[in-house]
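Naming convention: chains lettered A, B, ... in sequence-line order (proteins, then strands); numbering from 1 in each chain. In what follows, every heavy atom counts, from backbone to side chain, and hydrogens, waters and symmetry copies are set aside.
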Amino acid sequence: MNKLSTYFSPIIALSIIFIIWELLVNLFSIQLYILPAPTDIFLSLNDNLRELLLATLNTLKITLFAFLIATLIAIGLAIIFSLSKILEISLYPITVIFQVTPVVAIAPLIIIWVGLDNAEMAILILSVIVAFFPVLANTNLGFRSVDKNLKELFLINRASKWQTLMKLNLPYATPYILTGMKTSIGLALIGTVVAEFVAGTGSSAGLSWIIIESGNRLDIAKLFSALILLVLSGIFLFLLMSTIEYSILRRWHQSVKENES
Amino acid sequence: MLNFSNVHMKFDKDVLSDINLKIDSGEFVSILGPSGCGKSTLLRLASNLAKPTKGLVDYTSHKDLSIGFVFQNPTLMPWRTVLENVTLPLELNKKKSSREEALMWLARVGLKDKEKSYPNELSGGQMMRVSIARSLINGCNLLLLDEPFAALDEITRRKLEDDLLEIWEKEKFTVLFVTHSVSEAIYLSQRVLVLSSGPGKLVYEKNISQYNSKEEFIGSKEFQTINSEIFEKLKSGVNNE
Ligand SMILES: Nc1ncnc2c1ncn2[C@@H]1O[C@H](COP(=O)(O)OP(=O)(O)O)[C@@H](O)[C@H]1O
Ligand SMILES: [Mg+2]
């Protein structure tokens with residue numbers, strides 16, 4: 001399997017699906033408000049491009065912002081846990097509670113707390129709640145996996161806690177943190193979209209708003225265009241994190257080396 | 001340099017018992033013993049990583065004590081270059097991280113042009129050389145090695161042994177070398193100790209006469225005699241279990 005075919009095979013498969021889809025819709029004369037043909041979708045995408053791109057940008061903006069905050073909170077918590085066993089066993093279960101509670105269930109509470117006219121803030125908070133756990137769990141795992149002999153080396157050299165954190169624990173946990181971030185960035189997008197559904201929209205509409213609105217008006221072609229942009233956003237975010245991961249780990253981490261060969 | 005007086009060490013069971021040991025400044029001492037007899041524990045006590053259950057471990061030259069530790073695995077940091085791995089002890093001791101000094105040590109362990117490489121680009125022997133350079137850079141006067149060459153092939157191993165000896169002969173730091181290879185212990189050191197197992201006790205001690213050349217020594221009758229004596233000791237130590 002060469003590189004080119006790994007990139008082109010899915011594209012060819014998708015194209016074939018689109019062609020069959022187009023043919024079936026035409027053959028059975030399916031109504032536009034039930035299932036639009038791919039050409040209708042692309043026309044709608046073209047017609048509403050400005051509005052759709054703006055919505056995508058809004059969703060992406062909140063997603064990335066939430067992802068960054070979630071990452072910082074998660075790494076910060078993991079560092080605190082690594083310094084204090086007591087705080088870890090007291091607080092970790094609480095973070096698990098956040099993780100297992102469906103975001104739609106806590107959404108009303110958050111919306112009331114931040115104020116109904118503050119939808120964007122509510123969306124951001126909900127998205128952070130959805131996204132932070134994988135980074136926390138993976139950073140935690142990374143800290144626990146630090147090589148025992150390296151720890152002893154730092155002890156023999158009388159390294160301070162700060163030195164051990166900065167020069168040993170964080171670098172050692174970096175591949176783990178990045179793995180967590182790859183999961184989290186996808187969750188942040190899901191969190192943002194779900195929260196947009198529940199919290200409604202503030203001054204700037206996201207993709208969820210377009211989906212709700214075009215659904216209500218049975219503009220299924222536009223709904224599909226919004227879905228396509230949502231999928232593309234997800235792929236973009238994943239590729240973004242993969243690129244960041246690759247450029248950080250390129251020189252030293254074994255898994256990167258193995259993937260190359 | 002390093003004194004063990006009546007040292008006992010107990011985890012779930014007694015691991016070391018009644019260890020009395022005095023190591024002089026500049027000495028090269030090897031410790032032999034079956035695996036699990038407490039050799040690593042002894043080194044952890046010597047490096048202050050662990051405190052004995054009973055007894056005392058102390059050093060005669062407290063002031064400028066600088067301990068270097070070489071583990072069985074090279075224990076390098078994969079995210080740092082070879083050079084950055086070697087300078088680590090200087091950084092941790094808040095000394096100026098000196099590139100020149102690190103380069104000098106790399107040259108002395110035979111890794112002149114590898115400073116920019118990453119650990120995963122090196123062979124096992126080369127990684128161990130980096131580990132040795134790192135253990136020596138901070139003015140080491142007590143070097144503790146825990147089966148450092150156990151994972152290397154015979155030829156690489158012999159080269160590293162000779163290079164270590166050459167550096168030691170110049171620098172005259174104190175060496176405590178743990179190994180389970182009898183010939184390695186005899187070949188390298190001035191004094192060989194054997195630790196029995198369950199609980200670990202020092203059951204044999206032998207000073208090794210120094211020959212003009214190591215080649216001559218390996219061929220000598222003395223080498224053979226000590227070799228078989230130690231084998232006997234090790235066998236009986238295991239039988240006692
Ligand atoms: N931190 C520890 N906690 C409990 N038992 C230990 C610990 N370190 C070593 N031991 C036990 O002490 C014994 C000696 O271990 P070790 O010193 O590593 O032996 P060696 O290096 O000679 O193979 C082993 O039985 C091991 O299980
Ligand atoms: Mg051991």
Within 6.0 Å of NZ in Lys151(A), more than 12 heavy atoms from elsewhere: yes
Part of Ile67(B) lying under 4.5 Å from any heavy atom of chain A: both
Gap between atom CG of Asn149(A) and atom CG of Asp146(B) - 0.5 Å precision: 8.0 Å
Within-4.5 Å side-chain heavy-atom neighbours: Leu88(B) and Leu153(A): yes
Glu166(B), CD atom: more than 12 neighbouring heavy atoms under 6.0 Å: no
Shortest non-hydrogen contact between Glu152(A) and Leu49(B), atoms and distance: CB-CD1, 3.7 Å
4.5 Å side-chain heavy-atom contact, Leu168(A) and Met77(B): yes
Heavy atoms from other residues, nucleotides or ligands near OH of Tyr92(A) exceed 12 (cutoff 6.0 Å): yes
More than 12 heavy atoms from other groups under 6.0 Å of CZ on Phe238(A): no
Part of Gln163(A) within contact of chain B (heavy atom distance under 4.5 Å): side chain
Ile89(A) atom CD1, over 12 foreign heavy atoms within 6.0 Å: yes
Rounded distance (nearest 0.5 Å) linking atom CG of Asn157(A) with atom CZ of Phe69(B): 12.0 Å
Interatomic distance, Lys167(A) atom NZ to Arg80(B) atom CZ [nearest 0.5 angstrom]: 5.5 Å
Interatomic distance, Ile156(A) atom CD1 to Leu92(B) atom CG [nearest 0.5 angstrom]: 11.5 Å
Side chain / backbone / both / neither for Gln72(B) at chain A, heavy atoms under 4.5 Å: neither
Neighbour count >12 (heavy atoms, 6.0 Å) for atom CD1, Ile155(B): no
Met1(B) atom CE, over 12 foreign heavy atoms within 6.0 Å: yes
Exceeds 12 heavy-atom contacts within 6.0 angstrom, atom NZ of Lys54(B): no
Part of Leu76(B) lying under 4.5 Å from any heavy atom of chain A: backbone
Nearest-0.5 Å distance, CH2 of residue Trp79(B) to CG of residue Leu170(A): 10.0 Å
